Amino acid sequence: MLIPSPDQFAGSLVGQCLADAVGCRVEGYPPEVCANFVAQEVRLQQIGDRDRFPFPFGQYTDDSQLARELAQSYVAQGGFDPADYAARIAAIFAEERIVGRGLATESAAERLIQGVPWHEAGVPAPSAGNGSAMRAAPIGWFFSHDPDKLIAAACDQGYITHQDPRCSAGAVAIAGAVALALRGGAINPPDFLGQLSTWVAQVDRPFGEWVQMLTDWVLLSPTEAAVLIANAGRSPDQERSWPGISPFVIPSVLWSLYAFLRSPADYWETVCTSITVGGDVDTTAAMAGAISGAYLGLMALPQALAAQVNDRGSWGYQDLVNLAHQCHQQRFGKNPPTDRSSKEL
């Protein structure tokens, strides 16, 4: 078994936080604004402040906060424990530590705070936002060599807040992409997506088919691909309320995968692609950044910018690196982790 390096874990976590911190500056903006932001600020690695996001550059949002909490839970519990993770989700909302929030995740957190069990608190279908996928990257670290456990754990951590099977499938897609990235070697999109679609289809077959379609779409320019991906999984009469890529789990996950596969050897280009299309770009960037960082490792990130990531002055670069390394030690060290899933309830 080829063991990924500790700095691949760290690259994934810091890579998510940094991409999130960049994307959140223009979350919800239309494509033309985001494209201009990428051209004039992101590519130059000179990122300014914006009125709509009341934090200096470096602050990451709920996407990365909840991925971090998942990693913290893994270390504290000696393995994946959805009940402990659910308690942490409840706490970060109850203590008003969350930065940005999805409505479904907030609604589930309120039920968790009230004492509803983790496997009953999630918002049921047809609510299908990307809240369960955006935080799923650490599952790929924990179960990179065990696809069955990866699928079960990705679904369990997502079910805490989102019960729609499409949300579970999106979490499997992101966790699975991270697991595949950790294997290293040359990235061949048809092989990468073929394996990923097989895993995703075990949870939601249509979602798996959409992942497979990326094999052709990744050959298209971002402008061409965005039109197809933005409408993926939608019925013809379903209204689009977001410019660019919406928080609907199917297009946001697909766009993150597209951004990574367009430039697997270049973390910063992946971040640029994930943002330039507009819409829910903090989340698309966070997911793409987590995959790219897992593949390329910590030192592939722009270090001057990575050094600025933080959560209101805490949980900065070195704290995140240390946490990722602790996860690696827990996963591959002398003490094997114990993992609890819904099958044990």
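Bear in mind that the values here come from a model prediction, so they are computed numbers and not experimental data.
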Once rounded to the nearest 0.5 Å, what's the spacing between atom [atom1] of [X] and atom [atom2] of [Y]?
X: T105; Y: I89; atom1: OG1; atom2: CD1; result: 7.5 Å
X: S144; Y: Q8; atom1: OG; atom2: CD; result: 9.5 Å
X: I160; Y: R111; atom1: CD1; atom2: CZ; result: 13.0 Å
X: E69; Y: Q72; atom1: CD; atom2: CD; result: 4.5 Å
X: I92; Y: I98; atom1: CD1; atom2: CD1; result: 4.0 Å
X: I291; Y: M287; atom1: CD1; atom2: CE; result: 7.5 Å

Inset, instruction - Over 60° means perpendicular and under 30° means parallel, so classify the ring planes of F260 and Y295, tilted if in between. - result: perpendicular
What residues, two or more places apart in sequence or in another chain, satisfy ring-ring contact (aromatic ring centres under 6.0 Å, His included) together with [X]?
X: Y317; result: none
X: F207; result: none
X: H325; result: none
X: Y60; result: none

Legend entry - Listed partners of Y85 passing side-chain hydrogen bond (donor to acceptor under 3.5 Å, both in side chains), at least two apart: R135
Legend entry - side-chain hydrogen bond (donor to acceptor under 3.5 Å, both in side chains) against E27, all qualifying residues, sequence neighbours excluded: none
Inset, instruction - May I have the step-by-step check of salt bridge (charged side-chain N to carboxylate O under 4.0 Å, His left out) for R68 and D311, ending in yes or no? - result: CA-CA 11 Å; R68 183 195 70 207; D311 186 1; 2.9 Å; yes
Legend entry - side chain to side chain donor-acceptor pair (under 3.5 Å): pairs with one or both residues in residues 183-210, sequence neighbours excluded: S197-Q212
Inset, instruction - Quick one: which residue pairs count as a side chain to side chain donor-acceptor pair (under 3.5 Å) with a foot in residues 265-281, not counting sequence neighbours? - result: R43-E269, N130-D280, S263-T270, D280-T283
Legend entry - Hydrophobic cluster of F55, others only, ordered by chain and residue number, side-chain cut-off 4.5 Å: F53, V99
Legend entry - Residues that R101 engages under salt bridge (Lys or Arg N to Asp or Glu O under 4.0 Å), provided they are two or more places apart: E96, E106
Inset, instruction - Return the set of residues passing side chain to side chain contact (heavy atoms under 4.5 Å, CB included) with A128 (not counting sequence neighbours), or none when no residue passes. - result: D164, R166, C167, F248, V249
Inset, instruction - Under the side chain to side chain contact (heavy atoms under 4.5 Å, CB included) rule, collect the residues that match up with N36, sequence neighbours excluded. - result: Q40
If every non-hydrogen atom of [X] is compared with every non-hydrogen atom of [Y], which pair is closest and at what distance?
X: D84; Y: S73; value: OD2-OG, 2.6 Å
X: G48; Y: E41; value: N-OE1, 2.9 Å
X: A154; Y: I139; value: N-CG2, 3.8 Å
X: L254; Y: I229; value: CB-CG2, 3.8 Å
X: P4; Y: F332; value: CD-CZ, 3.6 Å
X: P222; Y: W255; value: O-CH2, 3.6 Å

Inset, instruction - May I ask you to check whether over 12 heavy atoms, not counting those of L219, lie within 6.0 Å of atom CG? - result: yes
Legend entry - Matching residue for I245 among P31, S252, S256 - test: side chain to side chain contact (heavy atoms under 4.5 Å, CB included): S252
Inset, instruction - Without swapping roles, check the side chain of D81 against the backbone of Q77 for a donor-acceptor pair under 3.5 Å. - result: no
Legend entry - M134 side chain reached by D62 side chain, heavy atoms, under 4.5 Å: yes
